[in-house]
Structure formats: C-alpha cells, structure tokens
Amino acid sequence: MVYLLMRQQVTWHPPKVAAKLSVFARMQRVMYLYSMAYLKFQGEGLFNGREILPANQVLITNEKGIVEDIIADSEAGADVQHVNGILSPGFVNTHCHLELSHMKALLPEKTGLVAFVTGVMQHRNFSQETILEAIAAGEQEMWDNGIVAVGDICNTTHTVAQKSLHRLHYHNFIETSGFIPASANTRFEQAVQTYKAFPAVHSSITPHAPYSVSPALFELINEHSAGKVISVHNQETPDEDALFLDGISSFRQLYSMLGADISFYQPPGCTSIQCWLPKTDKPNQVLLVHNTCTTETDIRFAQQLAAGRQQTLYWTLCPNANLYIENRLPHVDLLVKHQCAITVGTDSLASNWQLSILAELQTLRTHFTEIPLEQLLQWATLNGAQALQLAHTLGSFEKGKQPGVLLLDKRLESVKRLL
Ligand SMILES: [Zn+2]
C-alpha cells in the first residue's frame with residue numbers, strides 16, 4: 001500500500017507542481033518586463049556569492065534591494081542599468097574593532113604584537129567626543145567601501161549609539177581577558193555587564209586571545225556560548241605559541257611590565273590552538289582570527305576536533321593588519337589546501353590604514369596569485385555572512401535576501417556601492 005502511494009506521488013504530483021511553478025515563473029517574467037517596481041543590473045560579470053555568472057545575466061531586485069531573480073538579458077525588458085565591472089553582494093567584514101578607530105596612525109608599524117599590545121594599552125587618554133566621532137567616521141568608511149555587515153570586537157559600550165542607527169549589520173563580540181585565574185569571575189561579570197548593553201540576538205561574549213585568557217575564564221566563556229558564535233585572536237605571533245610550548249616568550253615581559261605575577265604559570269607543551277580549542281566545545285561556530293603562525297598540523301588538529309563535535313570553524317584573514325603589526329602573512333595556501341572556510345576582516349584602524357575589505361583582497365591577490373577571483377569574493381561575502389550568522393539575508397544574490405549590490409572593478413581596483 002505504501003509502495004502504491006509512493007508510486008502515485010511520483011507519477012502524479014511532480015508534473016502538476018512543475019506546471020504551477022512554470023505559470024508562476026512566466027507571470028514573474030512578465031512583471032519584470034512591464035513593471036517599474038524592479039531594479040535591474042547588468043555588468044561584465046555577476047558574482048552571486050559562489051560563482052561569477054556570465055555577462056548576459058541580469059540581477060533583478062525590488063526597490064528596497066531585496067533579490068527577486070537572476071535572468072537572461074533577453075528576458076529582462078527595458079530599464080536595465082548597464083555598468084562596467086562585476087556585480088557582487090555587499091562585503092562582510094568579520095573582524096573589526098570599531099571602538100579603536102581614534103587610534104589611526106598612532107602606533108608604529110612592524111614592531112611585533114607584544115609592542116603593539118603594549119602601545120594600545122598605553123594610549124587611553126582620549127575624550128569621549130573624539131572616540132565617538134572616530135567611530136562614526138569609521139562606520140562611514142566601511143559603508144563607502146561596500147561593507148554591509150561587521151563582526152565587531154567590543155571592550156566598551158562606545159559603539160552602541162552608532163550601531164543603533166542600523167546603517168550596517170553587526171555581530172558584537174564582547175571581548176574579555178584576564179590571565180590571572182583568580183580574576184576570572186570578576187572579568188567575566190564585567191563582560192556580562194557590557195554584553196547587556198548590546199542586542200542579545202547579535203552578540204556573544206568572546207575571549208580576547210589564548211595568551212590573555214586563563215583556563216578558568218575560558219571555561220566561563222564556554223558555558224555562556226552554547227549555540228553561539230565566538231571569535232578568538234589565534235596564533236598571531238610566534239611568542240604566542242612559545243608561551244604554550246616552553247614558556248619562553250615576550251609575553252612574560254609584558255605581564256611583568258603590567259605588574260602581573262604569572263610565576264604560577266606552567267606551559268602545557270602544545271601549540272596555542274591545540275591548548276585552547278579543546279576547551280571551547282559549546283559554541284557552534286568559532287572564528288579563528290589571524291592564524292599567522294598556524295601550521296598544517298594545527299589545521300588538521302582543529303578540523304578533526306571540530307568535526308567530532310559538529311562545530312564549524314571559520315578562518316578569518318586580516319592580511320593588512322598582519323603586515324602592519326608583524327610584517328608576516330598566514331599560510332593561506334595551507335588553509336585553501338585543507339578547504340578551510342575562510343573569511344576576511346580589517347582589524348582596527350590602530351593596526352590598519354583603512355577599513356576596506358577590497359584592500360584586504362588586493363593584498364591577498366598580490367601575495368597569493370593562484371587563488372581564483374570568485375573564491376576570494378566568496379570569502380568576502382557569503383562565507384562572512386555565514387560566519388556571523390547573517391546568511392539568511394546577506395552574502396549572496398538569492399531570492400528574498402537583501403545583501404546590498406556592489407560594483408567591482410574587474411582587477412579589484414575599486415568598489416562602488418549601487419545599493
Ligand atoms: Zn583584532
């Protein structure tokens with residue numbers, strides 16, 4: 001009987017559904033031809049979030065920029081906007097510190113991470129007005145550069161007012177740190193207070209870096225992260241791995257300078273990621289940011305661990321900040337070889353000359369010439385949207401999404417925001 005029902009379904013329903021869809025699709029096409037309520041874009045290529053479609057394809061959106069369809073130009077009717085360049089969904093910047101925008105050009109380049117972190121901590125005397133003005137200017141810069149969403153690290157509530165204007169989408173990573181285990185509860189409670197100032201659905205409490213977060217604090221963050229996305233600065237400098245492998249590291253001088261006694265600390269004898277990632281099993285997504293010193297063994301270790309607990313890892317590249325701080329780049333070729341889900345970030349204006357995903361892609365293209373353009377663009381769009389849990393509306397040209405529309409120069413020399 002069940003078999004008969006199944007046979008009935010197979011032989012009867014699909015043709016009926018197909019016929020209905022076909023009529024609906026035909027009605028849609030007629031609407032595109034004659035209604036003024038649609039925007040139509042045709043470029044020299046159409047990147048849909050995954051691949052570059054040929055130039056004869058036209059993107060159809062409604063007046064609000066919500067994607068309706070992608071159809072051949074022969075069916076698109078009049079009023080098509082013809083543009084020179086590649087059409088792309090808006091960029092997603094998965095790593096930024098908007099609240100540090102007032103520190104642009106303050107710290108010297110190529111001094112190494114420990115000197116950089118020390119510099120950031122020493123420059124704290126800015127007026128609230130200066131900080132807020134720089135935040136507004138930083139957001140405007142991202143808007144102008146085609147960025148539609150940001151994974152933003154927050155140690156303060158300085159960005160709350162600007163974000164409440166909803167010009168860009170944000171996921172707020174409320175950052176906490178504290179290497180002294182006894183301070184874990186206090187530090188975590190401070191982060192919870194900051195977290196409460198941001199929209200809970202788009203925020204999560206996140207560890208700063210393995211060299212600045214004690215196992216006790218990692219545990220508190222992990223418990224708070226069930227089902228959420230967190231972000232960790234990972235393996236940004238050789239000193240980080242050294243702290244975990246044998247303990248001989250410039251971070252000891254940093255803590256000494258800060259007056260923190262870390263004589264209790266015993267190096268566990270593994271690389272940074274192999275020490276901290278096993279402690280982070282509750283979040284369903286983890287952004288690993290920088291990965292400048294991550295080796296092939298580390299990548300295999302992380303992938304195996306994540307696969308075993310149904311966790312998705314995103315490997316966030318901020319190449320211009322890496323060059324600014326450490327003058328080195330991550331092994332992008334290894335990340336590609338192991339099919340890592342890569343995203344792109346700008347880091348902050350304290351460690352970068354601009355907040356531009358296009359500028360990051362240009363640097364990646366210069367140093368890793370073999371990476372296809374559409375792969376780079378997917379890192380900057382769909383992968384970023386998925387990493388920030390915003391792919392229901394951003395990252396690709398799929399019906400119902402509102403991802404923004406960019407026009408990119410074919411050689412990635414410029415970006416213009418069309419919507
Ligand atoms: Zn950062």
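Atoms within a ligand are numbered from 1 in the order they appear, just like the ligands themselves. Side chains are part of it too, since the values below use all heavy atoms of this structure and drop only hydrogens, waters and symmetry mates.
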Practice task
Assess His290: does it contribute an N, O or S atom lying under 2.8 Å from the Zn ion (ligand 1)?
Solution key: no
Problem - the Zn ion (ligand 1) reached by Cys318 (N, O or S, under 2.8 Å) - result: no
Problem - Aromatic centroids of Trp353 and Tyr324 separated by under 6.0 Å - result: yes
Practice task
Could you tell me whether the side chain of Lys196 and the main chain of Val192 form a donor-acceptor pair under 3.5 Å?
Solution key: no
Practice task
Would you check if the Zn ion (ligand 1) lies under 2.8 Å from any N, O or S atom of Cys96?
Solution key: no
Practice task
State plainly whether the residues Lys282 and Glu223 are in salt-bridge range, i.e. N to O under 4.0 Å.
Solution key: yes
Handout entry: Angle at the Zn ion (ligand 1) (to 10°), with one arm to NE2 of His233 and the other to NE2 of His97
Key = 100°
Exercise for the section: State the atom name: nearest N, O or S atom of His95 to the Zn ion (ligand 1). Expected result: NE2
Problem - Test of ring centre spacing under 6.0 Å for His169 and His202 - result: no
Problem - Exam field: side chain Glu398 to backbone Val67, donor-acceptor pair closer than 3.5 Å - result: no
Practice task
Check Asp347 and report its N/O/S atom nearest to the Zn ion (ligand 1), by atom name.
Solution key: OD1
